[in-house]
Novice: 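This is the structure I want to talk about, given as structure tokens.
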Amino acid sequence: MQQSKQYHGSGQLSAMLTLALACSLALVGCAGQAPDGSSQGAEKPLIQPQNWPLQSAPIARNQQIEDKINALLSQMTPEQKVGQIIQADIASVTPQQVRDYYLGSVLNGGNSAPGRDNRVGAAAWLQLADAFWQASTDTSDGRPYIPVIWGTDAVHGHSNVKGATIFPHNIGLGAMREPQLLHAIGRATAIEMQVTGLDWTFAPTIAVARDDRWGRTYESYSEDPALVASYAPHILQGIQGMPGAADFLRGEHMLATVKHFLGDGGTVGGKDQGDNIDTEAGLRDIHAPPYYSAIKAGARVVMASYNSWHGDKMHGFAPMLTDVLVHRMGFDGFVVGDWNGHGQISGCTPTDCAASVIAGLDMYMAPDSWQALYANTLAQVKDGRLPMARLDEAVLRILRIKAEMGLFEQVKPSERPLAGRYELLGNAQHRALAREAARKSLVLLKNNQQLLPLNTTGRVLVAGDGADNIGKQSGGWTLSWQGSGNANSDFPNGDSIYAGILQTVTAGGGSVELSENGRYSQRPDVAIVVFGEEPYAEFIGDRSHLAFDDNRGLQILTQLKSQGIPTVAVFLSGRPLWVNPELNQSDAFVAAFLPGSEGGAVADVLFRSPSGAVRHDFQGKLSFSWPDNAKGEPLNVGDAGYKPLFAYGYGLRYSDNTTVGQLHENAGISADQMLNASRYLHAGKAVTPWQLQLLDQGQITRVTDALHTSARGALTATATDRLQQEDSVTLSFAQPGTVLLTHADGVVLDLARQSNGDMALELEYQVLALSNSTTTLGMQCGDNCSANIDISGQLAQMQGKGWQSMKIALRCFSEADSTFDISKVTRPMVLQGSAGLVLQLANVRLAQNEGNATCGN
Ligand code: BGC
Ligand code: BGC
């Protein structure tokens, strides 16, 4: 056992770098880490590598490969080496630049696709893959031959590509409890990726999500480390093949990534990119087991996590990236960073961060920052701030994997066996597999009087906004980053839940009526109501509580139930949420999670065959504990005082005659706690703690049920029906005035990341009457800080055209006024109008720019 060195609170960057360097070069056993200087006094826990199980590298080095990559390295200039460790996003780099800067890799982030079109045809992907490959392998200037690799987030199927099979998100696969099926899913995903010429997926996520407020909970198989650890080898080997086999990483297999290392699922409050303050043992025993098993199963790429551990960002944390990952877990591949994640280390920026490589990062993910990062890194190599030995090591690690993939003998993407076989995208076999997985991932929470399975002979009402909505059932990371903006037509190889029900019921002699709001033309025998969370990804999905606060499903259920119609709820969500009111209004309740493109799976399970037999029983068991209140405090199997509503492992079968009684409806949180970071106005009402206010000649009136006229009568706000009772507000301007959304407690919003991530402020509105003067939509950042955008033109265009959505890209506010500070928003909506304007408003929220956002007129 090596002697541990411990550094406390020196706060010296140089000490950190020296130590980290020593660690990364394996000169010393590195137990301590130099803190970021902020920890004066407070004792931080340390990583003691000797406390971590020692695992030997599962894949023996291959001498031929070693010779090859060392020979290559010896021919490489510093420029070529630096380029090799940088990955740029296809939205910010051209093939020519890949060549000019010798870049080792490109990626398409969640919102970048060829031609900036998230729904572009598959051929465009393959064409671009060829262009990057050819640029990187043109050796006419005498450079060594090193192909670029292209990474993508194929996180539930090849989910960025239109027409691909979309598998259930990991949370549903966890409920399935059938790790073997993951192998087939990995294989199918790899095959579909190769149709488009891509080499590498940033999947699987093997996070152990412990706080379901985290926006990435659905990317996690389970809250239970053992379950995640048991899944990891199957999905990995499905994608990559078996280590040692001739087709490992080759043929129909390709490169995978396990992410995000380490502790992403255990941050305080479930905050994405937040701080994990588990003890060392907690980090090791909860978050590390899946990595041990994945590395043993052949994981070749590990993605560093955005999160920190007791304040130390993983991207710069040698004790984990090097001492534990490489020297204890036996990892022998390369470490890729996350999207500008290196820029979050203290002392770093996205374009300048030698410390990350020194700590053990091998490839920077520098989507839009790559060019300046290249220049700075090269300078650091030249003057020794980034030691050549460490750079060489990173390059070798990358080249080793490229060699294992057979890339040096490979032909260009379009000439590979599966390339261009577009009929393989969403092919019948893959869709059948996805449908099987979706079927098996459904969890039956309630089935009173054994209402299910249903007969196909009756009259079935299908309701809810999730019923005929493949985008909603697929969730985030689907075609677009947030999974927003998808229409059914964007899934040429997919079925909505309704489509599956229609097919099954009509084949069985019954009839189906689809009605989003639940109003029917003929009284049904049974109603299936499909509702749930809107798609989201990453931090956009973070919440401060677990109340399901979109009550449209509840309204429909309540209405039907009051008429004595038996109700089946199908709940689409990325996590367990507190839905006691909805459970009470349902006779049967299915937690469907995010089943993906094969909505037909739901009917497969809900309906009997025409002969009356059960066709498919429920198989799913919760892999996350279901909460009995909305507080959102971590609730995990094995916790002291564990009191879930439905325990880990719960899930009814058709043979179970279990009654779920009337549940209490006390959410356990106050309205003030229901802050929803990205929704300000919902169904015509300000979402607590936001307030809808009317500003009339300097005087502010808060709109309440009782009060809806501004101080001097310039403005009125009237609750109005849209789809449901009073689900919108009509704003009438008799005189000039302003309608505001203001935080009740004066909290200031930092929307910088959202702005960089190309989010927009979305208004769902209808123009009832226009004024003759300008209407502006703005935001405020304090008393004398604002940006206002003229929207008169859009309003004029849409007058009398019914309900519309208007998206103003967040960046437009900064562009409109250089003094505006998007990181200090006090009022996310400031609507200024004048006499004559009548506007009906339903929702105001942040939404992804799907190419449909504007900067106003
Ligand atoms: C996410 C990763 C993802 C990467 C590339 C990051 O923001 O955290 O999971 O692989 O972007 O899109
Ligand atoms: C995501 C990327 C996405 C980007 C949008 C990142 O955080 O991970 O995949 O495309 O933000 O700018």
Side-chain angles (χ1 to χ4, degrees), residues 86-93 105-114 116 118 149-161 169-170 189 193 198-209 214-221 235 239 255-265 267 270-274 276 290-291 294 299 301-308 313-315 334-344 350 356 361 363-370 475-483 536-542 574 752-759 848:
I86 292 180
Q87 179 182 59
D89 189 279
I90 61 164
S92 312
V93 74
S105 180
V106 294
L107 86 148
N108 65 290
N111 265 342
S112 21
R116 292 181 173 261
N118 287 334
I149 46 175
W150 179 339
T152 190
D153 293 290
V155 298
H156 58 147
H158 192 10
S159 46
N160 285 283
V161 173
H169 268 299
N170 289 352
T189 304
M193 283 181 69
L198 273 51
D199 310 282
W200 174 19
T201 171
F202 303 128
T205 299
I206 55 171
V208 180
W214 189 32
R216 308 191 77 157
T217 300
Y218 66 80
E219 295 186 60
S220 169
Y221 296 112
I235 180 77
I239 299 168
L255 187 60
T257 308
V258 285
K259 69 186 189 184
H260 310 81
F261 187 82
L262 185 74
D264 52 353
T267 59
K271 190 172 166 4
D272 193 42
Q273 314 191 359
N276 182 314
Y291 286 88
V301 184
V302 166
M303 187 183 288
S305 186
Y306 277 122
N307 70 270
S308 50
K313 283 280 175 184
M314 284 293 148
H315 276 72
F334 71 85
V335 178
V336 67
D338 202 345
W339 189 276
N340 279 330
H342 55 273
Q344 296 188 9
S356 188
L361 187 92
M363 183 186 280
Y364 293 107
M365 186 185 287
D368 47 357
S369 51
W370 63 271
W477 296 110
T478 308
L479 301 182
S480 62
W481 177 35
Q482 295 295 314
Y536 52 79
E538 299 190 53
F539 52 92
I540 306 293
D542 283 358
R753 259 214 104 192
Q754 283 80 349
S755 178
N756 292 336
D758 206 12
M759 305 281 300
Q848 190 64 47

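Start at 1 and go down the list; that is how both ligands and their atoms are numbered. Since we're looking at a predicted model, the values are computed, not measured.
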Novice: Quick check on Tyr306 - does any of its heavy atoms sit under 4.0 Å from an atom of ligand 1?
Specialist: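 Yes, Tyr306 has a heavy atom closer than 4.0 Å to ligand 1.
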
Novice: Pull out every atom of ligand 1 sitting under 4.0 Å from any heavy atom of Glu538, numbered as shown with elements.
Specialist: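 Heavy-atom distances to Glu538 below 4.0 Å select 1 (C), 6 (C), 7 (O), 8 (O).
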
Novice: Provide the number and element of each atom of ligand 1 under 4.0 Å from a heavy atom of Asp338.
Specialist: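 Going through ligand 1 atom by atom, the ones under 4.0 Å from Asp338 are 1 (C), 2 (C), 3 (C), 4 (C), 6 (C), 7 (O), 8 (O), 11 (O).
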
Novice: Would a line drawn from the ring center of Tyr536 to the ring center of Tyr218 be shorter than 6.0 Å?
Specialist: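 Centroid separation for Tyr536 and Tyr218: below 6.0 Å.
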
Novice: Would you say Asp153 has any N or O atom under 3.5 Å from an N or O of ligand 1, going by distance alone?
Specialist: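 Yes, at least one N or O pair falls under 3.5 Å.
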
Novice: Measuring only between side-chain heavy atoms, which start at C-beta, is Val302 closer than 4.5 Å to Phe334?
Specialist: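 The answer is no, as the side chains (C-beta and beyond) never meet within the 4.5 Å cut-off.
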
Novice: Please tell me if the side chains of Trp370 and Ser92 come closer than 4.5 Å, counting only heavy atoms from C-beta onward.
Specialist: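 When only atoms from C-beta onward are counted, Ser92 and Trp370 do touch, with a gap below 4.5 Å.
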
Novice: Counting from 1, what ligand 1 atoms have a heavy atom of Phe202 closer than 4.0 Å?
Specialist: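 The atoms of ligand 1 under 4.0 Å from a heavy atom of Phe202 are 10 (O).
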
Novice: Select one of side chain, backbone, both or neither to describe which atoms of Arg216 lie under 4.0 Å from any atom of ligand 1, heavy atoms only.
Specialist: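 Looking at Arg216 and ligand 1, just side chain atoms fall under 4.0 Å.
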
Novice: I want to check something: taking the side chain as every heavy atom from C-beta on, are Thr205 and Asn170 in contact at a cut-off of under 4.5 Å?
Specialist: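 When only atoms from C-beta onward are counted, Asn170 and Thr205 do touch, with a gap below 4.5 Å.
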
Novice: With respect to His260, determine whether any N or O atom, backbone or side chain, lies less than 3.5 Å from an N or O atom of ligand 1.
Specialist: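 Looking only at distances, the answer is yes, because the N/O contact criterion of under 3.5 Å is met.
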
Novice: Decide yes or no for Phe202 and Thr152: does some side-chain heavy atom of the first lie under 4.5 Å from some side-chain heavy atom of the second?
Specialist: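 When only atoms from C-beta onward are counted, Thr152 and Phe202 do not touch, as no gap falls below 4.5 Å.
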
Novice: Pairs of nitrogen or oxygen atoms closer than 3.5 Å, one from Trp339 and one from ligand 1: do any exist?
Specialist: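 No - when backbone and side-chain N and O of Trp339 are compared with those of ligand 1, no distance drops under 3.5 Å.
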
Novice: For Ala294 versus Ile206, what's the shortest heavy-atom pair and its separation?
Specialist: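 Looks like CB-CD1, 4.1 Å.
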
Novice: Would you mind running through ligand 1 and noting each atom that sits below 4.0 Å from a heavy atom of Gly109?
Specialist: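 In order of numbering, the contacting atoms are 12 (O).
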
Novice: For ligand 1, which part of Leu107 has a heavy atom less than 4.0 Å away: the side chain, the backbone, both, or neither?
Specialist: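 Only the side chain of Leu107 comes within reach of ligand 1.
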
Novice: Answer yes or no for Lys259 and Trp200: cation-pi contact, defined as NZ/CZ to six-membered ring centre under 6.0 Å and angle to ring axis within 45°.
Specialist: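 The answer is no; the distance or angle limit is not met.
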
Novice: Looking at Lys259, which atoms of ligand 1 are within less than 4.0 Å of one of its heavy atoms?
Specialist: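 Near Lys259, the atoms of ligand 1 are 2 (C), 3 (C), 9 (O), 10 (O).
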
Novice: So do the side chains of Gln344 and Gln273 get within less than 4.5 Å of each other, counting heavy atoms only?
Specialist: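 SC-SC contact between Gln344 and Gln273 confirmed.
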
